[in-house]
Amino acid sequence: MSIDLAVVPVAGRGTRLLPLTKSQPKEMLAVGRSPVVQYVAEELHRSDIHRLIFVTGPGKAAIENHFDTDNELIQHLRETGKEEILQDLSFEREDLEFFYTRQRQQLGLGHAVLCAKPLVGDQNFVVALGDSILGVSAQSQVVRTMVEQFEQQGVEAVIAFEEVDPEEVVHYGIAKPKGDVDAVFELADLVEKPSVDEAPSQLAVAARYVFSSKIFNCLERTQPGKNNEIQLTDAIRMLIQDGGRVLGVRLPETERRYDIGSYERYFEAFAEFALADPDYGPAFRAAIEKLL
Ligand code: G1P
């Protein structure tokens, strides 16, 4: 059976977005008309992923509430003649199943993924970071391509990459490719947040991964690394050292990654999505032009 399961880590504190994230999850911040994590769920749904395991943490209950079917609200909208608004809740009716587990200690992204092990077992699965939107208007197809590559090539992992400016490498996992870099390429190694001088390329991990369950064994053996956290990047490295083949898939030219982890990126993403809004975009554009 093709992969239909994704782990969505949403446990990070969002400290770079304080005070906004003091009492609300960064994954619930609005980008245009939807919260970030809704775009992630819709992207996965379009890629035929129907079961989502959220790895949550303190203060993240709003995410669970957001994906509930709110019958009271639906009834209220019907009774007050606001049926047209029901369309805005259509994401509630998508055939997605949600599961939640908690990362009880903040030990890093690798540890968050490991928390899903009892629910994933020996299935192949996607990891989609809950604070990153992919593709213009969130229409990315990259997960579908990654799953196809994973299944056709019989590898242990496939990772999405985006080329970043040299000074940006310090924020991401960076690929060391084996041989030529085409749309799909093989990885020789991966380095978490290297310095500009140490970076083996400018290809940055772009928030989407496909794994076989072997990654759990590597995660269990991974010691704390960068920032004293158990890094997913280090476990992937171990997977390669153990002889596993790992592929990179570059985001196509037409796609972008919107990383909602800092104000710089957040403002940019909000403006781009608001400008592209079919109903409110033109008026927003006119308002912005007046301000400039
Ligand atoms: C994480 C990963 C990093 C990756 C980034 C964006 O970093 O550790 O390798 O490039 O997500 O996908 P974080 O943003 O959690 O610091």
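Bear in mind that the values here come from a model prediction, so they are computed numbers and not experimental data. Note that ligands are numbered from 1 as they come in the structure, with each ligand's atoms numbered from 1 the same way.
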When only distance counts, is [X] in polar contact with ligand 1, meaning an N/O pair under 3.5 Å?
| X | result |
| --- | --- |
| Lys193 | yes |
| Leu109 | no |
| Ala206 | no |
| Ala204 | no |

Suppose I only count heavy atoms of [X] and a 4.0 Å limit; which atoms of ligand 1 are within that range?
| X | answer |
| --- | --- |
| Arg257 | 6 (C), 12 (O) |
| Leu129 | 11 (O), 12 (O) |
| Ala207 | 12 (O) |

May I ask you to decide whether [X] forms a salt bridge with [Y], counting only side-chain N to carboxylate O separations under 4.0 Å?
| X | Y | value |
| --- | --- | --- |
| Arg257 | Glu162 | yes |
| Asp242 | Lys214 | no |
| Glu192 | Arg237 | no |
| Glu229 | Lys193 | no |

Residue Gln152 excluded, over 12 heavy atoms near CD under 6.0 Å: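 Counting other residues, nucleotides and ligands, CD of Gln152 exceeds 12 neighbours.
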Does CD in Glu264 sit with more than 12 non-hydrogen atoms of other residues, nucleotides or ligands closer than 6.0 Å?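 No, the 6.0 Å shell around CD holds no more than 12 heavy atoms from other groups.
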Measure from atom 8 (O) of ligand 1 to the protein's non-hydrogen atoms and state whether any distance is below 4.0 Å.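 It does; a protein heavy atom is within 4.0 Å.
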Would you say atom 15 (O) of ligand 1 touches the protein, meaning some protein heavy atom is under 4.0 Å from it?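 Under 4.0 Å from atom 15 (O) of ligand 1, zero protein heavy atoms found.
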Between Ser140 and Glu255: side-chain donor-acceptor atoms closer than 3.5 Å: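 Result is yes, a qualifying pair exists.
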Quiz question: by atom type and distance under 3.5 Å, do the side chains of Gln153 and Gln149 form a donor-acceptor pair?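 On atom types as modelled, these side chains qualify, holding a pair under 3.5 Å.
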Taking the six-membered ring for Trp, are the ring centroids of Phe284 and Tyr280 within less than 6.0 Å of each other?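 Aromatic pair excluded; centres sit 6.0 Å or further apart.
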With heavy atoms under 4.0 Å as the rule, classify the contact between Thr233 and ligand 1 as side chain, backbone, both or neither.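 Contact part for Thr233 vs ligand 1: side chain (C-beta onward).
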Would you kindly specify which portion of Glu192 sits under 4.0 Å from ligand 1, judged on non-hydrogen atoms: side chain, backbone, both or neither?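 Contact part for Glu192 vs ligand 1: side chain (C-beta onward).
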What protein heavy atom lies closest to atom 6 (C) of ligand 1? Include the residue and the distance to one decimal.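 Result for atom 6 (C) of ligand 1: Val205 O, 3.5 Å.
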Look at atom 5 (C) of ligand 1 and say which protein heavy atom is nearest, naming residue and atom and giving the distance to 0.1 Å.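 Result: Tyr172 CD2, 4.1 Å.
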